[in-house]
Amino acid sequence: MRPFHRPRPARVSLRWKIAALAAATAFLVVAAVGVLVHLWTAQDIRGRAEARAFNTVYSAMATYRRTGTLIDGAELDPAELPAALRRPADGVRHVAHDGHVEGNVGPTVWAAQRTAGPDSPVLAVRVNMSSELHELRQLDVSMALASLVALAAAAPLAVYGAGLLARRLRRVSETAGRISAGDLDARTGPTKGGDEVADIAATVDLMADSLSRRLRTERQFTADVAHELRTPVGGLLAAADLLPRGETEDLLRARVRDLRGLVEDLLEISRLDAGAERPVRDRVPLGAVVSEAVARTGLDTDIVVTAPPDATDADPRGSGTAPAGATVETDPRRLERIVGNLVVNAHRHGNTPVRVTVQGRAVVVRDHGPGFPRDLLVEGPRRFHTGAAGRGTGHGLGLTIALGQARLLGAELRFENAPDGGAVATLRLPA
């Protein structure tokens with residue numbers, strides 16, 4: 001059970017991010033190559049058309065001057081001749097581009113040269129580029145289709161490659177999550193590849209080793225201290241019984257009992273940390289166990305217990321109007337320990353009335369005090385940390401033990417504050 005965690009924002013898988021980035025990169029590369037090929041081909045078509053027109057004017061002019069005839073489609077002062085070529089310099093060949101399109105003619109490249117003096121006619125030749133541009137459009141379509149095919153083939157490969165990376169990162173993330181949940185033996189293990197992911201996995205494992213050693217040392221120290229204190233505290237309690245009755249003896253006995261309770265709590269926590277505890281399960285009526293747990297605290301006169309009648313106590317003829325309470329399979333001793341700690345904590349740190357309510361498989365303990373401190377709601381209870389001063393004093397072990405026992409039972413224990421004030425602890429037993 002992991003009731004204390006910060007909610008994770010909605011996220012997109014790294015696998016799809018990498019795949020989308022790879023697809024976008026491939027698309028940009030294909031688009032850039034396509035544009036460059038288109039521009040280069042168009043320029044090449046125009047250059048070849050200009051060279052063809054230039055050479056045709058040269059040969060047509062030579063024939064015209066020699067025989068007076070026009071060949072190769074040459075014309076004298078054609079009406080469609082661009083204005084830039086109507087007054088060419090004498091003896092100089094000029095070329096101009098005409099983008100006009102009419103039917104299958106156009107765009108065209110014109111070449112012109114004056115036949116003789118300044119007032120002589122202009123011999124012009126035009127070269128139609130429609131067929132070459134049609135081939136250019138076919139080339140564009142072919143490149144677009146080839147690009148789509150390449151993207152269709154590259155996208156699954158990108159998704160597959162990104163999936164391999166995402167799976168490796170997910171292993172590291174799962175290991176870190178298990179460590180944060182308390183599994184100190186969780187390790188990522190050897191990771192394929194010598195890249196950054198392998199470095200991260202190795203670093204997480206080294207961190208887990210270091211953290212595990214430190215926590216085990218701390219737990220062992222706590223267990224040793226509690227175990228060593230148990231004998232002298234027992235001796236103190238026996239010695240206090242030999243003191244004459246009086247106010248001093250009562251005060252001493254009370255302090256020794258508190259010290260013995262602290263030692264027992266420390267021993268219980270060390271056993272829970274070490275995983276040495278094992279629940280002994282039985283089917284028990286939840287309402288009866290909760291009522292018994294409240295009675296054992298000695299605070300039942302100040303606690304309001306609301307529980308439906310247990311199924312075993314219900315009228316077999318069905319004459320009762322109240323529904324029967326739940327019968328659960330759990331460890332009744334540990335369940336009593338959890339409820340008792342919650343009740344004592346509510347009575348000690350909250351204000352009356354303190355209410356204990358059994359709802360199905362859930363047990364809700366609520367007081368009307370200042371509520372749980374914010375750090376407890378976010379991080380959960382901590383040892384020897386009682387939170388806000390307004391919630392009284394104590395060792396801060398009661399809620400820690402209750403949470404540990406709930407985890408052992410596979411139950412969920414949540415802490416929250418009521419909207420109208422007061423702390424609310426909800427224990428929800430598994431089905």
Side-chain angles (χ1 to χ4, degrees), residues 1-5 7 181-182 268-269 271-272 275 277-297 299-300 302-347 349-350 353-368 371-372 376-378 380-381 398-420 422-431:
M1 180 196 62
R2 298 168 59 187
F4 303 105
H5 62 277
E268 184 173 357
I269 288 177
R271 290 194 298 268
L272 289 172
E277 296 289 306
R278 294 291 182 272
V280 180
R281 301 183 183 275
D282 192 10
R283 297 194 63 82
V284 293
L286 181 58
V289 174
V290 171
S291 299
E292 180 66 19
V294 174
R296 288 180 182 276
T297 63
L299 304 172
D300 51 322
D302 300 328
I303 308 296
V304 179
V305 180
T306 303
D310 298 313
T312 55
D313 298 334
D315 188 347
R317 296 170 297 177
S319 59
T321 57
T327 299
V328 297
E329 183 175 351
T330 186
D331 188 327
R333 182 180 65 84
R334 299 184 190 279
L335 178 58
E336 287 186 8
R337 178 68 163 154
I338 297 171
V339 175
N341 282 14
L342 295 178
V343 168
V344 170
N345 181 81
H347 185 271
H349 303 301
V354 177
R355 301 184 181 276
V356 180
T357 306
V358 178
Q359 302 172 345
R361 293 180 175 274
V363 181
V364 181
V365 179
R366 178 186 176 178
D367 62 50
H368 290 76
F372 291 118
L376 185 144
L377 296 177
V378 175
L399 294 183
T400 304
I401 293 175
L403 183 60
Q405 295 288 8
R407 286 173 174 167
L408 189 64
L409 295 179
E412 179 185 12
L413 181 57
R414 300 184 65 88
F415 302 102
E416 54 191 350
N417 291 330
D420 56 344
V424 181
T426 304
L427 175 69
R428 192 173 304 276
L429 297 172

Looking at Arg366 and Asp420, is there a salt bridge between them, counting it only when a charged N and a carboxylate O are closer than 4.0 Å? yes
Which atoms form the tightest heavy-atom contact between Asn417 and Ala423, and what is the distance? OD1-CA, 3.9 Å
Atom pair CG (Leu427) and CG (Leu403), whose distance is rounded to the nearest 0.5 Å: 10.5 Å
What's the verdict on salt bridge (charged side-chain N to carboxylate O under 4.0 Å, His left out) for Glu416 and Arg414, showing C-alpha distance, side-chain angles and the deciding distance? CA-CA 7 Å; Glu416 54 191 350; Arg414 300 184 65 88; 5.4 Å; no
Distance, nearest 0.5 Å, that separates CG of Asp367 from CG of Asn345: 7.5 Å
Answer yes or no: is there a side-chain heavy-atom contact under 4.5 Å between Leu376 and Leu399? yes
Once rounded to the nearest 0.5 Å, what's the spacing between atom OG1 of Thr327 and atom CZ of Arg361? 8.5 Å
Measure from the side-chain N and O atoms of His368 to the backbone N and O of Gly422, and report whether any donor-acceptor pair falls under 3.5 Å. no
Contact summary for Leu377 and Phe372, nearest pair of heavy atoms: CD2-CB, 3.8 Å
Flag, side chain of Asp331 to backbone of Val280, donor-acceptor distance under 3.5 Å: yes
I need the single residue from Val356, Ile338, Thr357, Val343 that forms a side chain to side chain contact (heavy atoms under 4.5 Å, CB included) with Val290. Which is it? Val356
Can you tell me how far the CD atom of Glu329 sits from the CG atom of Leu429, to the nearest 0.5 Å? 11.5 Å
Val364 vs Val358, test: side-chain contact (heavy atoms from CB on, under 4.5 Å). Steps then yes/no. CA-CA 6 Å; Val364 181; Val358 178; over 6 Å; no
Are side-chain heavy atoms of Val424 and Val365 found at a separation under 4.5 Å? no
Side chain to side chain, Leu342 and Val363, heavy atoms closer than 4.5 Å: no
Taking all atoms of both residues into account, what is the closest heavy-atom pair of Asn341 and Ala402, and its distance? ND2-N, 4.1 Å
Heavy-atom nearest pair, Pro332 first then Val289, reads O-CG1, 4.1 Å
Write down the atom of Gly340, the atom of Ala293, and the distance for their closest heavy-atom approach. N-CB, 4.4 Å
Heavy atoms only: give me the nearest Leu286-Gly360 pair and the separation to one decimal. CD2-O, 3.3 Å
Inter-residue atom distance Arg281.CZ - Leu409.CG, 0.5 Å rounding: 6.0 Å
Taking C-beta and beyond as the side chain, do Val284 and Val328 meet within less than 4.5 Å on heavy atoms? yes
Under 3.5 Å donor-acceptor, Thr297 side chain and Val294 backbone: yes
Check this for me, if you would: do Arg334 and Glu336 make a salt bridge, where the nitrogen-to-carboxylate-oxygen distance has to be below 4.0 angstrom? no
